[in-house]
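Take a look at the structure set out below.
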Protein chains: 2
Amino acid sequence: MPTDSADPSRRDQILDAAERLFAGQGFARTTIKQIGRAAGVNSALLYYYFADKDQLYREVLQRFVARLVARTMSGSAGGGPPDARLRAFVEAQAQTLAEHPDAPRLLAREMIDYDAAHAVEQIQHLSVTGFRRLCDLIDEGQRAGIFRDDLDPRFAAISTIAQVGWFFVARPAVRILLKQGPDGPSDDVIQAFGRHAADFAVAALTAPAGRAGATARRSTRARSRTS
Amino acid sequence: MPTDSADPSRRDQILDAAERLFAGQGFARTTIKQIGRAAGVNSALLYYYFADKDQLYREVLQRFVARLVARTMSGSAGGGPPDARLRAFVEAQAQTLAEHPDAPRLLAREMIDYDAAHAVEQIQHLSVTGFRRLCDLIDEGQRAGIFRDDLDPRFAAISTIAQVGWFFVARPAVRILLKQGPDGPSDDVIQAFGRHAADFAVAALTAPAGRAGATARRSTRARSRTS
DNA sequence: GTCTATAGGTGGATAGAC
DNA sequence: GTCTATCCACCTATAGAC
């Protein structure tokens with residue numbers, strides 16, 4: 001099985017079809033024959049390019065995450081004050097997911113179904129890049145005195161990212177709540193939510209430290225900020 | 001197939017086993033024979049109690065969501081100011097999910113894989129109860145002047161719920177970020193995150209309206225508040 | 001490289017004894 | 001009610017012609 005070497009077209013053709021199908025119906029329900037048909041080739045050919053179904057799936061995920069990381073990273077590189085950069089980060093995230101509607105499904109399913117076993121390195125990479133960048137951003141804002149410093153940056157990063165992530169994963173519920181059509185929220189609504197999420201996060205982080213926790217104990221910070 | 005009538009024990013025994021397996025590995029990868037084995041009965045017996053695999057899955061989901069709704073609702077009934085009740089709501093949510101670690105997986109997968117087709121009414125019910133209650137809470141706080149009124153209550157509700165939801169769904173990523181063991185975050189960390197999420201949401205909602213959106217346009221509100 | 005044909009295995013579902 | 005035995009469909013993967 002000459003899995004490597006150079007034949008872009010056919011190979012990518014198969015990967016494209018596989019990506020669509022895996023994203024749409026998951027690993028188990030997608031058959032080799034479906035993929036072959038969708039790619040316009042005989043299903044046996046898949047075994048010329050890939051060792052088995054599992055390997056094909058892994059390569060789909062890898063290619064996918066790599067693209068996603070590239071896209072996300074390029075979007076939030078600029079300078080400026082931490083709150084503006086955080087805002088840019090969140091809006092870029094919404095933008096990216098709106099352009100790749102398969103992404104949340106594919107990744108969330110992988111995490112849920114296989115505990116990310118097919119793409120540990122990829123998911124790690126995403127965590128180490130995306131999450132980490134956010135953490136650093138928040139930490140920086142805290143040290144600059146712009147953000148309240150009684151929040152754990154890692155918790156805050158999860159809360160920030162969660163908004164847009166959940167918006168896409170819980171699509172059926174969101175659709176009902178927002179009374180959107182069967183295709184899910186329109187681009188307008190997605191963009192509006194992206195702005196809202198950025199707003200929400202910045203507001204939570206810039207709130208005066210003493211004010212919000214009237215009922216509650218101070219500091220949900222559990223650990224060192226070096227993370 | 002006398003699917004109904006009265007035989008609690010056997011039937012529930014099968015449902016229990018099925019729930020564990022479906023939650024752990026999803027619908028497609030779970031086989032009838034696995035369920036039979038896990039339940040300690042012959043797999044053919046499943047067809048005495050349930051019409052087919054699909055029907056069994058539906059009943060698992062229904063029972064599951066019914067329990068979840070009951071649990072969630074009882075937790076956030078009390079009175080008090082809106083911000084305290086919102087806090088109670090979020091912490092109850094975290095508590096519930098910590099006690100039912102299968103819940104996020106089961107529900108998220110159903111939404112992702114089948115667009116909630118197996119449990120439309122259930123998901124609708126969850127949305128109409130949980131989400132709606134949150135929306136009303138936020139709306140009430142806005143009218144009382146406690147929460148800023150330039151946020152769409154429905155968007156704010158999504159952001160609020162998303163935090164804990166994502167925390168469980170993205171477990172592999174969270175695990176890496178928080179440097180937790182393979183079993184996922186400990187109960188302490190879950191509780192801490194629940195408090196954090198409540199804090200985060202209340203802070204975002206109580207922030208002075210003009211302050212947070214220095215860079216941004218006012219109001220991410222898109223539609224009427226009657227929702 | 002790409003196809004046809006098919007082996008080998010598994011899963012959902014039924015028939016029928018007890 | 002519960003089990004044994006089994007059928008049939010379908011899916012992954014391979015063998016081998018072209």
Side-chain angles (χ1 to χ4, degrees), chain A residues 1-61 63 109-110 113-114 117-119, chain B residues 1-63 106 109-110 113-114 117-119:
Chain A
M1 68 212 47
T3 294
D4 25 71
S5 86
D7 187 338
S9 67
R10 262 291 189 258
R11 199 183 156 80
D12 287 347
Q13 195 175 333
I14 295 171
L15 282 170
D16 288 340
E19 183 176 307
R20 279 197 305 276
L21 287 164
F22 283 141
Q25 34 178 15
F27 178 78
R29 282 197 301 171
T30 301
T31 73
I32 294 289
K33 297 192 178 168
Q34 279 180 334
I35 298 174
R37 207 178 317 134
V41 300
N42 189 283
S43 61
L45 188 59
L46 303 206
Y47 291 93
Y48 176 78
Y49 287 103
F50 305 94
D52 55 15
K53 191 184 169 187
D54 218 75
Q55 190 56 37
L56 169 58
Y57 183 59
R58 276 175 217 271
E59 295 213 24
V60 166
L61 270 184
R63 195 183 64 153
R109 178 157 33 211
E110 175 61 20
D113 276 9
Y114 303 96
H118 289 109
Chain B
M1 61 206 60
T3 293
D4 25 69
S5 84
D7 187 338
S9 68
R10 261 292 188 257
R11 197 180 158 80
D12 287 348
Q13 194 174 333
I14 295 171
L15 283 170
D16 288 341
E19 182 177 308
R20 279 198 305 276
L21 287 165
F22 284 141
Q25 36 179 9
F27 178 78
R29 282 198 302 170
T30 301
T31 72
I32 293 287
K33 297 187 180 170
Q34 279 181 333
I35 298 174
R37 206 178 316 133
V41 300
N42 189 283
S43 60
L45 188 60
L46 304 205
Y47 291 94
Y48 177 77
Y49 288 103
F50 305 95
D52 55 14
K53 192 185 170 189
D54 217 75
Q55 190 57 36
L56 169 58
Y57 182 60
R58 275 175 217 272
E59 296 213 21
V60 166
L61 270 185
Q62 284 177 22
R63 196 183 63 153
L106 209 49
R109 176 158 33 214
E110 174 61 21
D113 276 7
Y114 303 95
H118 289 107

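First the proteins, then the strands, lettered A, B, ... as listed; each starts at 1.
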Out of [options], which nucleotide sits closest to the side chain of [X]?
{"X": "A:Thr31", "options": "D:dC3, D:dA15, D:dC11", "answer": "D:dC11"}
{"X": "B:Tyr47", "options": "C:dG12, C:dT4, D:dC11", "answer": "C:dG12"}
{"X": "B:Leu45", "options": "D:dT2, D:dT12, C:dC3", "answer": "D:dT2"}
{"X": "B:Tyr48", "options": "C:dG11, D:dG1, D:dT12", "answer": "D:dG1"}
{"X": "A:Asn42", "options": "C:dG1, C:dA15, C:dC3", "answer": "C:dC3"}
{"X": "B:Val41", "options": "D:dC3, C:dA5, D:dT12", "answer": "D:dC3"}
{"X": "B:Lys33", "options": "C:dG12, D:dT2, D:dT4", "answer": "C:dG12"}

Side chains of B:Asp54 and B:Phe27, heavy atoms from C-beta outward: is any pair under 4.5 Å?
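Side-chain contact under 4.5 Å: yes.
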[N] [atom2] sits how many Å from [X] [atom1], rounded?
{"X": "B:Arg29", "N": "C:dT10", "atom1": "CZ", "atom2": "P", "answer": "16 Å"}
{"X": "B:Phe50", "N": "C:dT14", "atom1": "CZ", "atom2": "P", "answer": "15 Å"}
{"X": "A:Arg11", "N": "C:dG1", "atom1": "CZ", "atom2": "C1'", "answer": "14 Å"}
{"X": "A:Tyr57", "N": "D:dT12", "atom1": "OH", "atom2": "C1'", "answer": "18 Å"}
{"X": "B:Ile35", "N": "C:dG11", "atom1": "CD1", "atom2": "C1'", "answer": "12 Å"}
{"X": "A:Ile32", "N": "C:dT4", "atom1": "CD1", "atom2": "P", "answer": "17 Å"}
{"X": "A:Gln55", "N": "D:dA13", "atom1": "CD", "atom2": "P", "answer": "11 Å"}
{"X": "A:Ile14", "N": "C:dC3", "atom1": "CD1", "atom2": "P", "answer": "9 Å"}

Would you tell me if any nitrogen or oxygen in the side chain of A:Arg10 comes within less than 4.0 Å of OP1 or OP2 on C:dG1?
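It does not, given that no N or O in the side chain of A:Arg10 lies less than 4.0 Å from OP1 or OP2 of C:dG1.
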Has B:Tyr49 got a side-chain N or O lying under 4.0 Å from the OP1 or OP2 atom of D:dT2?
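Checking D:dT2 against B:Tyr49, a side-chain N or O does come within under 4.0 Å of OP1 or OP2.
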Derivation of the side chain to side chain donor-acceptor pair (under 3.5 Å) call for A:Glu110 and A:Tyr57
CA-CA 10 Å; A:Glu110 175 61 20; A:Tyr57 183 59; 3.0 Å; yes
Just how far is it from atom CD of B:Gln34 to atom CZ of B:Arg20, taken to the nearest 0.5 Å?
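Those atoms lie 12.0 Å apart.
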Just by distance, do the side chain of A:Arg29 and the backbone of B:Asp113 share a donor-acceptor pair under 3.5 Å?
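Indeed, once roles are kept as given, a pair shorter than 3.5 Å links the two residues.
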B:Arg63/B:Asp16 salt bridge by N-O under 4.0 Å criterion
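Between B:Arg63 and B:Asp16 there is a salt bridge, with a charged N closer than 4.0 Å to a carboxylate O.
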